[in-house]
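Here's the structure, in structure tokens; my notes come after.
This one's a predicted model, so the numbers in the text were calculated from it and none came from an experiment.
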Amino acid sequence: GVTNPPHLHFTAEVFICFRGDWAVQWGADGENEARITAGDLVSVPPWIYRGFRNVGVDDGFLFAVLGRDHPGGILWAPSVVKAGQDNGLYLTDDNRIIDTVVGEKLGASDRLFAPMTPGEIAALRQYSGTEMERLVVRHRDLRWSTRALLGAIDAGVSLAPAMGHGMTEDRTHIAPVMDHSGFSIEWLRLAPGATLAWHRLSEKQVLVALSGQVDVEVEDAAASAAIALEPWDTYSMPAHAWRSIRNAADADCVLMLVTPGDGRKRIEWSAEAIATAKRAGWAIDPNGMIAPAKYLSH
């Protein structure tokens with residue numbers, strides 16, 4: 001029953017359910033909602049009010065991703081500001097909370113945050129339920145490919161795009177949501193014992209474990225590390241770092257990959273990964289996509 005009341009961001013925001021059942025709401029009064037469960041996500045456009053509520057029977061975990069490195073702050077809905085003031089909480093225009101219940105006082109120079117007027121809210125872009133449903137990506141509808149990554153073709157590793165231009169090397173892959181949110185989201189699945197070969201990206205990347213257990217090895221110019229990720233664990237991968245990912249458990253593991261940038265991400269594979277793929281008959285074509293190596297050697 002826990003609720004985050006309506007608020008507005010200036011950039012896109014994606015809510016990803018990792019456990020439980022959630023209602024993602026939109027509108028200044030949270031009057032609309034979309035229900036999601038484990039593995040589902042909702043891409044909320046910028047400049048609309050949004051909130052969320054745990055509608056499950058147990059604890060839940062909802063992961064949120066905001067676009068851009070500087071999303072520009074947050075605007076609370078008028079009803080939220082009024083409810084706070086009714087309970088002695090005042091929000092200043094420099095984002096400080098003054099709690100008069102515990103004895104804090106408003107200073108003479110303190111200026112209170114002024115929420116949007118009804119007219120300003122009415123002028124915002126309004127989204128229907130049908131429009132928002134197009135921005136929901138159900139985990140059951142993901143399109144997995146075992147030929148999306150040169151370093152693990154048909155080796156128990158599959159990738160499914162969810163949002164944006166990610167790092168997939170499968171030319172048939174198109175994410176269900178292609179809004180310019182400032183980042184891409186893909187799901188990576190590894191069968192027991194499967195390994196994604198050494199590679200790196202020029203972008204930073206966040207790995208979040210949805211299920212299973214995975215071992216991540218990381219190397220860069222400064223140091224090397226081995227990280228074990230279990231469900232809900234998060235690892236922030238530095239840009240340009242070499243990494244390999246291995247499922248050492250006896251069940252599938254699934255990771256969410258969040259990579260900044262609206263454009264395609266190009267993977268740099270290790271020489272060993274490239275050679276292994278070529279022996280199996282695969283290479284990367286001039287478009288950065290997997291293709292039969294025999295046609296690319298001329």
Side-chain angles (χ1 to χ4, degrees), residues 4-18 22-28 30 32-34 36 39-53 61-77 80 95 115-116 120-121 123-128 131-139 141-142 159-168 173-188 201-210 232 234-241 255-267:
N4 188 337
H7 57 285
L8 181 149
H9 283 296
F10 310 117
T11 58
E13 183 174 24
V14 178
F15 297 111
I16 308 100
C17 177
F18 273 64
W22 293 83
V24 175
Q25 301 164 315
W26 71 97
N32 308 288
E33 67 176 36
I36 58 174
D40 297 345
L41 64 82
V42 181
S43 176
V44 181
W47 284 94
I48 70 170
Y49 283 94
R50 79 289 308 271
F52 50 84
R53 182 165 57 95
F61 178 45
L62 192 70
F63 195 90
V65 181
L66 273 173
R68 319 301 170 187
D69 286 337
H70 302 287
I74 185 173
L75 295 181
W76 292 102
V80 179
N95 291 315
M116 282 187 171
E120 290 171 331
I121 292 174
L124 295 173
R125 167 78 158 84
Q126 305 298 314
Y127 286 82
S128 68
E131 289 175 310
M132 285 299 293
E133 186 60 33
R134 295 193 188 105
L135 300 176
V136 177
V137 181
R138 307 287 179 188
H139 202 77
D141 296 331
L142 293 174
L159 190 77
M163 281 189 59
H165 294 285
M167 66 180 198
T168 182
H173 258 167
I174 299 176
V177 176
M178 292 299 293
D179 291 351
H180 294 293
S181 58
F183 56 89
S184 61
I185 293 180
E186 294 163 291
W187 293 100
L188 178 69
L201 299 171
S202 59
E203 300 89 355
K204 57 190 175 181
Q205 188 175 62
V206 176
L207 286 65
V208 188
L210 174 67
W232 304 8
T234 300
Y235 180 70
S236 182
M237 181 74 67
H240 305 291
L255 296 175
M256 182 178 70
L257 309 177
V258 182
T259 316
D262 286 322
R264 270 192 61 202
K265 289 76 181 177
R266 300 297 183 102
I267 302 173

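With hydrogens and angles disregarded, a donor-acceptor distance shorter than 3.5 Å links the side chain of R50 to the backbone of P45. Here the side chain of H7 pairs no donor or acceptor atom with the backbone of Y49 at under 3.5 angstrom. Between the side chain of N32 and the main chain of W26, a donor-acceptor pair closer than 3.5 Å is present. Side-chain atoms of H9 come within 3.5 Å of backbone N or O of G73 as a donor-acceptor pair.
The distance from the OG atom of S184 to the CG atom of D262 is 9.0 Å, given to the nearest 0.5 Å. To the nearest 0.5 angstrom, W22 atom CH2 is 9.0 Å from I36 atom CD1. To the nearest 0.5 Å, atoms CD (E33) and CE (M132) are separated by 11.5 Å. Here the CD atom belonging to E133 is positioned 5.0 Å from the CZ atom belonging to R138, to the nearest 0.5 angstrom. Put simply, CG on N4 and CG on L62 are 9.5 Å apart, with the number rounded to the nearest 0.5 Å. A distance of 5.5 Å separates CG in L207 from CG in L257, rounded to the nearest 0.5 Å.
A salt bridge does not link E186 to K265: none of the charged side-chain nitrogens sits closer than 4.0 Å to a carboxylate oxygen.
Taking each heavy atom of A209 and L255 in turn, the nearest pair found is CA-CD2, 3.5 Å. The shortest heavy-atom contact between P176 and P161 is CD-O, 3.4 Å. Here the shortest heavy-atom pairing between A28 and A77 reads O-CB, 3.4 Å. A pairwise comparison of heavy atoms in A12 and P46 identifies N-CB, 3.8 Å as the closest pair. Shown here for A239 and S202, the closest heavy-atom pair between the two residues is CB-O, 3.3 Å. For the pair M163 and S43, the tightest heavy-atom approach, listed with the atom from each and the gap, is CE-OG, 3.7 Å.
With a 6.0 Å radius and a threshold of 12 heavy atoms from other residues, nucleotides or ligands, L124 has its CG atom above the threshold.
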- Task: Determine, stepwise, if the pair L41 / F63 fulfils side-chain contact (heavy atoms from CB on, under 4.5 Å).
- Result: CA-CA 9 Å; L41 64 82; F63 195 90; over 6 Å; no
- Message: Checking V137 against L142 for the side-chain contact (heavy atoms from CB on, under 4.5 Å) test, could you report, in this order, the C-alpha distance in whole Å, the side-chain angles of both residues, the deciding distance, and whether it holds?
- Response: CA-CA 8 Å; V137 181; L142 293 174; 3.8 Å; yes
- Task: Please lay out, stage by stage, how V14 and V258 fare under the test side-chain contact (heavy atoms from CB on, under 4.5 Å).
- Result: CA-CA 11 Å; V14 178; V258 182; over 6 Å; no
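Residues M256 and I185 are in side-chain contact: their nearest non-hydrogen atoms beyond the backbone lie under 4.5 Å apart. Between E203 and M167 the shortest side-chain heavy-atom distance does not fall below 4.5 Å. M237 places none of its side-chain heavy atoms less than 4.5 Å from the side chain of K204. F183 has its side chain out of reach of V206: every pair of non-hydrogen atoms, C-beta onward, lies at least 4.5 Å apart. The side-chain heavy atoms of L210 and W187, taken from C-beta on, include a pair separated by under 4.5 Å.
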